[in-house]
Protein chains: 2
Amino acid sequence: MVGRLAADSIERRSGVSLWRQIAEKILQAIAVGDFAESAALPPEMALAERYGVNRHTVRSAISALVQEGVLRAEQGRGTFVLSRRRLSYPIGARTRFSTGLQGQTSERHIVLLASSVEPASQRVAEGLGLAKGADVIRLETRGEADGRPVSRAAGWFDARRFAGIDAAMAETGSITASLARFGIDDYLRQSTVLSARHADAADLADLDLQPGAIVLVTVAINVTPDGQPIQFSESRFPAERVELKLSAL
Amino acid sequence: MVGRLAADSIERRSGVSLWRQIAEKILQAIAVGDFAESAALPPEMALAERYGVNRHTVRSAISALVQEGVLRAEQGRGTFVLSRRRLSYPIGARTRFSTGLQGQTSERHIVLLASSVEPASQRVAEGLGLAKGADVIRLETRGEADGRPVSRAAGWFDARRFAGIDAAMAETGSITASLARFGIDDYLRQSTVLSARHADAADLADLDLQPGAIVLVTVAINVTPDGQPIQFSESRFPAERVELKLSAL
DNA sequence: TATAATTGTCTATATCAATAGACAAATTTG
DNA sequence: CAAATTTGTCTATTGATATAGACAATTATA
């Protein structure tokens, strides 16, 4: 076994400040269980030594995480881990927001942020099997669990077939329930393409993230059991709060 | 439709430098097809205006991407997009490295970087259905396609059942072929958990990335058709070069 | 109740990041 | 060939990062 380095890899002049890198490391350490939940972090001096930086740099990292609601610092006592562990969002043949998070959260719901009718872009048209430029309805939604945003999604539907789905969504707060009004009792996930990137300004605002955060991005197509495409969607998940669990499709 | 802002969201004093944020934006613009491949980027002054920063800041971003092999700058002519589009790595019931990338690359192979016997950690033991601390063989591998690293994986196997798999791997360069020597003709993916984070120092070195890069991380368990766990693995993919395509499991 | 441990605040200094402007070097265009 | 376009290099200035040290404020401990 190779000896473990004291400084577990901090990159200087990388375009990412040290305090942010250390904030990431602390988040990771919490996720891995290295720093137990609701227990105290090692003291600032110890962390500074561990990561090979100045105490003040560690303080910057901690203060960012305090801002984010992950930690709470108490003078004289220590710094404590607040945050729950990452939600595990299942992706499979029948991916549904609410049922997927059952058991992990006491409360969850979808908020309809906006809706509009627009001409289908190339990729949306392809996904839905429509002509490019055909009218599609776009629903912008945010998923929340225990009061924290866990997803931000845009969904596109054929405007001719699903006229009024925006109203149904506003009323029911559920894609599944809204589709049921159009005679769709069941639908399956046909494909999912996954990527990751830094959160942009819209992500930061919608998902309540700090600059530099990472989002997981899925682009998916849902179809009826007989293979007819009904929904094209792009969802973004905050990587610090959500992991995706791929189950049998 | 809300008017599109000229500066599409740059965060200051965020712990991520402007030049790195702009480098990310350029990468994204290329991926989305906003900047056509093998064509010239807009001139530096135009980019500076577009993103609302100084020309020198744009130059820092470009020089990082030139370093990364994504762009090539030519004095007097312009700056050109080099990079191929992202590979689409399929994940499904039968996830295999080489066959998965067929058609997308002319050449691909796995390199065995290191192997060792070690006691199983909690999660490895759980995944393989062994007692914690039982001997497991760890194979560290790197996947390469057309000469560029596209994955970095650690795989764990029961040391009793698969004694010598390290030698088989070194010889064949294929997990599938190595397992065949132990009578495993077929294996299925039982579970995959997916997350994303910034690349750490090891990732940077192994995957030839620049600081600040993002990696997709999968933790997976492979089983025989009758459900016996044979491999626990953790893989890291450079998000700028690879997307994961989830297919029917 | 001292003493130690730990977070909070302040000052100072050096380096990196970002802006600004000027001009050189190479290439394309008229 | 001359002019315009575009990348490359240099100097200078400002603000954000990171390090260093000292000490205050609060809490836990002997």
Side-chain angles (χ1 to χ4, degrees), chain A residues 6-7 9-26 35-36 38-68 70-82 198 210-212, chain B residues 6-7 9-26 35-36 38-68 70-82 198 210-212:
Chain A
S9 76
I10 297 289
E11 303 295 324
R12 284 161 197 267
R13 72 189 80 175
S14 66
V16 182
S17 63
L18 295 191
W19 62 262
R20 181 152 291 287
Q21 291 183 57
I22 286 162
E24 295 278 344
K25 286 212 165 294
I26 291 173
F35 299 158
S38 73
L41 248 59
E44 292 168 352
M45 279 304 291
L47 289 173
E49 205 166 332
R50 170 173 181 156
Y51 295 123
V53 299
N54 191 273
R55 176 181 162 230
H56 295 290
T57 308
V58 169
R59 284 181 59 75
S60 297
I62 287 175
S63 96
L65 294 177
V66 167
Q67 203 72 16
E68 239 176 278
V70 176
L71 301 177
R72 185 183 58 229
E74 292 179 37
Q75 187 169 168
R77 296 194 63 213
T79 303
F80 300 86
V81 181
L82 289 180
H198 282 122
Q210 295 300 112
Chain B
S9 75
I10 298 288
E11 304 292 327
R12 286 163 195 265
R13 72 187 80 173
S14 67
V16 181
S17 61
L18 296 191
W19 62 263
R20 181 151 292 288
Q21 291 184 57
I22 287 162
E24 297 280 344
K25 286 211 165 293
I26 292 174
F35 299 158
S38 73
L41 247 58
E44 294 168 350
M45 279 304 291
L47 289 173
E49 204 167 333
R50 171 172 181 155
Y51 295 124
V53 298
N54 192 273
R55 175 178 162 232
H56 294 290
T57 308
V58 170
R59 283 181 59 74
S60 297
I62 288 175
S63 96
L65 295 177
V66 167
Q67 203 71 17
E68 242 176 275
V70 176
L71 301 176
R72 185 183 58 229
E74 292 179 39
Q75 187 170 166
R77 295 195 63 214
T79 304
F80 300 86
V81 181
L82 288 180
H198 282 122
Q210 296 300 112

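Since the structure is predicted, the reported quantities are computational estimates derived from the model, not experimental observations. Letters A, B, ... are given to chains in the order of the sequence lines, protein chains preceding strands, and every chain is numbered from 1. As a basis for the values below, the full set of heavy atoms in this structure was taken, side chains included, without hydrogen atoms, waters or symmetry mates.
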Report, as a single string ordered 5' to 3', how protein heavy atoms within less than 4.0 Å touch nucleotides 20-30 of chain C: B base, S sugar-phosphate only, - not at all.
-> BBB--BBBS--
Roughly how far, to the nearest 0.5 Å, is the CD atom of Q21(A) from the CD atom of E24(A)?
-> 9.0 Å
Atom pair NE2/NZ of H198(B) and K25(A) - distance to nearest 0.5 Å = 11.5 Å
note: R59(A), atom CZ; dT11(C), atom P; distance rounded to Å ~ 15 Å
Take the protein atom CZ of R20(B) and the nucleotide atom C1' of dT17(D), then report the distance between them rounded to whole Å.
-> 16 Å
Positions of residues 41-48 of chain B (non-hydrogen atom under 4.0 Å from DNA chain C), listed by number = none
For I22(A), which of L47(A), T57(A), I62(A) qualifies under side-chain contact (heavy atoms from CB on, under 4.5 Å)?
-> T57(A)
So which heavy atom on A61(B) is nearest to which on A23(B), and how close?
-> CB-N, 3.6 Å
Kindly compute the distance separating CG (L65(B)) from CZ (R20(B)), expressed to the nearest 0.5 Å.
-> 8.5 Å
Please name the pair of heavy atoms, one in L71(A) and one in V81(A), separated by the smallest distance, quoted to 0.1 Å.
-> CD2-CA, 3.9 Å
Length of the line joining L18(B):CG and dT14(D):P, which is rounded to integer Å = 19 Å
Nearest whole angstrom, please: distance from the P of dT6(D) to the CZ of R72(B).
-> 18 Å
Examine dT19(D): is either OP1 or OP2 under 4.0 Å from a nitrogen or oxygen in the side chain of T57(A)? Give yes or no.
-> yes
Round to a whole Å and report the spacing from CD1 of I22(A) to C1' of dT17(D).
-> 12 Å
What pairs meet the side chain to side chain donor-acceptor pair (under 3.5 Å) rule with one or both residues in residues 73-82 of chain B, with sequence neighbours excluded?
-> R72(B)-E74(B), E74(B)-R77(B)
Starting from P on dA20(D), measure out to CD on E49(A) and report it in whole angstrom.
-> 12 Å
Rounded to the nearest Å, what distance is computed from the CH2 atom of residue W19(A) to the P atom of nucleotide dA17(C)?
-> 14 Å
Have a look at T79(B) and say if it touches a base, only the backbone sugar-phosphate, or nothing, with a 4.0 Å heavy-atom cut-off.
-> sugar-phosphate
Taking every non-hydrogen atom, the tightest pair across G15(A) and W19(B) = CA-CZ2, 3.3 Å
